[in-house]
Amino acid sequence: MYKPPRNATLFDLPRVSVSPDRIAAGQWATSTVTFGGLALPAGTVIPVNIHGGRTNKGNWGQPQVDDPHGDNYCSATTSQRHGVRLSAPTVKYSISRLFIHVEDDIDADENIIVRLGD
């Protein structure tokens, strides 16, 4: 389980959307998760946990950020093209996990867009 550093500030993002809202098991798909509504300073790290529904921990593949042509590739950008990057742990957890690293200050009216898979 992710444990934030002692000096971390925990918060809920005011805007979060996922598209599509359903994915069929056993099929390849690309999901887009959009976060926004908070000003985030450079250096912020946002953990993203990917799992199935309430009764299903999910069977997502291990996310990866190194090979755009490989399975389970994930990428991130912002609506204003400020710097964000993703990292993915190489250890397989019971849930799939990514980290969004904010490299430039992001305004509250800006969105972070994360593409998962395919």
Side-chain angles (χ1 to χ4, degrees):
M1 180 165 83
Y2 172 78
K3 186 172 181 178
R6 285 169 124 42
N7 62 348
T9 301
L10 300 179
F11 54 85
D12 290 322
L13 291 167
R15 287 192 312 266
V16 178
S17 66
V18 179
S19 175
D21 61 353
R22 294 182 188 268
I23 299 172
Q27 294 182 0
W28 288 101
T30 299
S31 295
T32 302
V33 181
T34 304
F35 304 92
L38 285 177
L40 300 171
T44 299
V45 178
I46 304 170
V48 178
N49 296 325
I50 307 162
H51 53 84
R54 284 181 284 171
T55 60
N56 171 7
K57 69 178 178 183
N59 63 351
W60 291 83
Q62 182 67 25
Q64 59 92 7
V65 297
D66 299 320
D67 180 5
H69 302 290
D71 292 344
N72 304 312
Y73 178 70
C74 301
S75 63
T77 188
T78 69
S79 55
Q80 301 297 320
R81 302 290 185 226
H82 285 107
V84 292
R85 69 177 174 81
L86 293 177
S87 65
T90 55
V91 175
K92 178 67 174 155
Y93 293 94
S94 61
I95 55 174
S96 297
R97 180 170 288 164
L98 284 170
F99 295 95
I100 302 169
H101 301 266
V102 177
E103 296 181 327
D104 298 321
D105 292 348
I106 294 178
D107 297 327
D109 61 345
E110 194 167 355
N111 290 321
I112 298 172
I113 301 115
V114 178
R115 288 182 183 75
L116 308 166
D118 253 359

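These numbers come from the heavy atoms of this one structure, side chains and all, not from hydrogens, waters or symmetry mates.
The CZ atom of Arg97 sits 11.0 Å away from atom OG of Ser87, with the distance rounded to the nearest 0.5 Å. Within the model, atoms OG1 of Thr78 and CD1 of Ile106 stand 5.5 Å from one another, a figure rounded to the nearest 0.5 Å.
Listed by first then second residue, pairs satisfying salt bridge (Lys or Arg N to Asp or Glu O under 4.0 Å) with a partner in residues 104-113 number zero, not counting sequence neighbours. Applying the salt bridge (Lys or Arg N to Asp or Glu O under 4.0 Å) definition to pairs two or more places apart or across chains, those involving residues 77-89 are Arg85-Glu103.
At a threshold of 4.5 Å between non-hydrogen side-chain atoms, the residues Ile46 and Leu40 count as touching. Annotation: side chain of Val65 is in contact with side chain of Leu98 (closest heavy-atom distance under 4.5 Å). Looking at heavy atoms from C-beta onward, Leu86 lies in side-chain contact with Ile100 at the 4.5 angstrom threshold.
Contact between Asp66 and Tyr73 at its shortest, heavy atoms only, is N-CE1, 4.2 Å. The two residues Val18 and Pro20 come nearest to each other via the heavy atoms CG1-O, 3.7 Å.
Residues satisfying the side-chain contact (heavy atoms from CB on, under 4.5 Å) test with Asp67, not counting sequence neighbours, are Gln64, His69. Under the rule for a side-chain hydrogen bond (donor to acceptor under 3.5 Å, both in side chains), Thr34 has no partner lying at least two apart in sequence or in another chain.
Cluster annotation: Phe99 and Ile113 are assigned to distinct hydrophobic clusters (Ile/Leu/Val/Met/Phe/Trp/Tyr, side-chain heavy-atom contacts under 4.5 Å, transitive).
In terms of modelled atom types and a separation under 3.5 Å, the side chain of Thr44 and the main chain of Val102 share no donor-acceptor contact.
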